[in-house]
Amino acid sequence: MSSTTSAPTRTIRIGSRKSQLALVQTYWVQEQLKQRFPHCNFEVHTMSTQGDKILDVPLAKIGDKGLFTKELEVGMLNNETDLAVHSLKDLPTNLPAGLMLGCVSERENPADALVVHEKHQDKQLETLPKGAIIGTSSLRRLAQLRHHFPDLEFKDIRGNLNTRLAKLDEGEYDGIILAVAGLQRLGMGDRIHQIIAPEISLHAVGQGALGIECRAGDEEILALIKALEHTETALRCHAERAFLRELEGGCQVPIGVNTKIEGGQLTLTGLVASLDGQRLVKDTVTGAADTAETLGIKLAHCLRTKGANEILEEIFAQIQRGS
Ligand code: DPM
């Protein structure tokens, strides 16, 4: 007869997509959790999502809700995994019943970057030749860049980061637009040629931060993942997500944001753009940082009265027609 006094090692199962970027992010979370909770065992379970399988269709036409997250969510609801690590910008603002956003980690630079073909090493967005082809499949980037640089051409691009960079290097594009955070996490920060200023292009909601999702009310898991939360990033992202949720925009509409917190005050700037870049509706609100969600909702209402409604309705109709 043997008895043991130490508690059995608890195994926590972390769901992740299989892409290189997703795995880098998930291993980072796993390592952070291991350091803080050495008595637990953290196991990574990889899964493919719809967004990983459909590579030949422009993102905006597939429909957006949960493209990169659904399979990971099913895993948690079926009790096969306990938490899931996402790029926060890919996590829909309305989560399935039974799940919650349990943690927002510290944000990296949320801006977008221009990466150019080697023949344009001395150029910037402002100085690329007329007709230069820029690769992006983000409607948000497309609309804002078209607005500021009407002489550039834009072409869809899909695939993971390495595939996109290869297409650029082979000469299919003169430049491509990627998130600074993604390039940096993959150790490819040296490919960043120009960081795009917020005056030119506002970033996506949640860009640069990781979101950890778990079962709603799973206090044991929440206590673990809350240890990785970065309060300032969380407040900023809660304001951004409330703004997007209130506009009922999925992740594939031309909606951009920018946030900062100074002296307890949160400033949120948001924009809705028409696809041709002709119309940009933009405004800014400021208020106490602990009222983040209220600020997001307030900004959404401001933009609606300034014409955002009309633009969004047009875009949903255009996407449905498949144009
Ligand atoms: C979402 C968009 C894109 C990703 C749309 C947007 C970019 C698609 C494209 C919602 N998700 O930003 O307006 O350009 O074709 C994605 C990336 C990252 C997370 C890559 C990227 C890394 C950065 C981060 C794809 N999701 O934006 O270059 O963690 O914020």
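Every number for a ligand or one of its atoms is a count from 1 in the order of the listing.
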Legend entry - Sub-3.5 Å N/O-N/O distance, Gly206 and ligand 1: no

Legend entry - For ligand 1, the portion of Arg185 having any non-hydrogen atom under 4.0 Å away: side chain

Legend entry - Per-atom contacts of ligand 1 with Ser87, taking only distances under 4.0 Å to non-hydrogen atoms: 19 (C), 29 (O)

Inset, instruction - Please verify whether a non-hydrogen atom of Asp112 lies at under 4.0 Å from ligand 1. - result: no

Inset, instruction - Please identify which atoms of ligand 1 are closer than 4.0 Å to at least one heavy atom of Gly208. - result: 24 (C), 30 (O)

Inset, instruction - Measure Arg141 to ligand 1 on non-hydrogen atoms and call it side chain, backbone, both or neither using the 4.0 Å cut-off. - result: side chain

Inset, instruction - Provide the number and element of each atom of ligand 1 under 4.0 Å from a heavy atom of Leu21. - result: 22 (C)

Inset, instruction - Would you indicate whether Lys130, at its atom NZ, is surrounded by more than 12 heavy atoms from other residues, nucleotides or ligands within a distance under 6.0 Å? - result: no

Legend entry - Short side-chain to backbone donor-acceptor contact, Arg215 and Leu77, under 3.5 Å: no

Legend entry - Per-atom contacts of ligand 1 with Ala179, taking only distances under 4.0 Å to non-hydrogen atoms: 21 (C), 23 (C), 27 (O), 28 (O)

Legend entry - Element-labelled atoms of ligand 1 that are located less than 4.0 Å from some non-hydrogen atom of Leu178: 28 (O)

Legend entry - Sub-4.0 Å atoms of ligand 1 with respect to non-hydrogen atoms of Ala204: 12 (O)

Inset, instruction - Taking the side chain as every heavy atom from C-beta outward, state whether Glu80 and His45 have any atom pair closer than 4.5 Å. - result: no

Inset, instruction - Check ligand 1 against Arg140 and write out every atom of the ligand that is under 4.0 Å from a heavy-atom position of the residue. - result: 6 (C), 12 (O), 13 (O)

Inset, instruction - Check the surroundings of atom NZ in Lys260: do more than 12 heavy atoms from other residues, nucleotides or ligands lie under 6.0 Å from it? - result: no

Inset, instruction - With atom 12 (O) of ligand 1 as the reference point, say which of Lys89, Gln25, Glu108, Gln184 has the nearest heavy atom. - result: Lys89

Legend entry - Between Thr267 and Thr286, a side-chain donor and acceptor under 3.5 Å: yes

Inset, instruction - Examine the proximity of ligand 1 to Arg164 and report which part, side chain or backbone, both or neither, has a heavy atom under 4.0 Å away. - result: side chain

Inset, instruction - May I ask you to identify, for Leu210, whether its side chain, its backbone, both or neither come under 4.0 Å of ligand 1 on a heavy-atom basis? - result: neither

Legend entry - Neighbour count >12 (heavy atoms, 6.0 Å) for atom CD, Glu118: no

Inset, instruction - Report the distance from atom CG of Leu268 to atom OG1 of Thr284, rounding to the nearest 0.5 Å. - result: 7.5 Å

Legend entry - Joint hydrophobic cluster, Leu222 plus Leu101, side-chain heavy atoms closer than 4.5 Å: no

Inset, instruction - Assess the side chains of Ser274 and Glu314: does a donor N or O sit below 3.5 Å from an acceptor N or O? - result: no

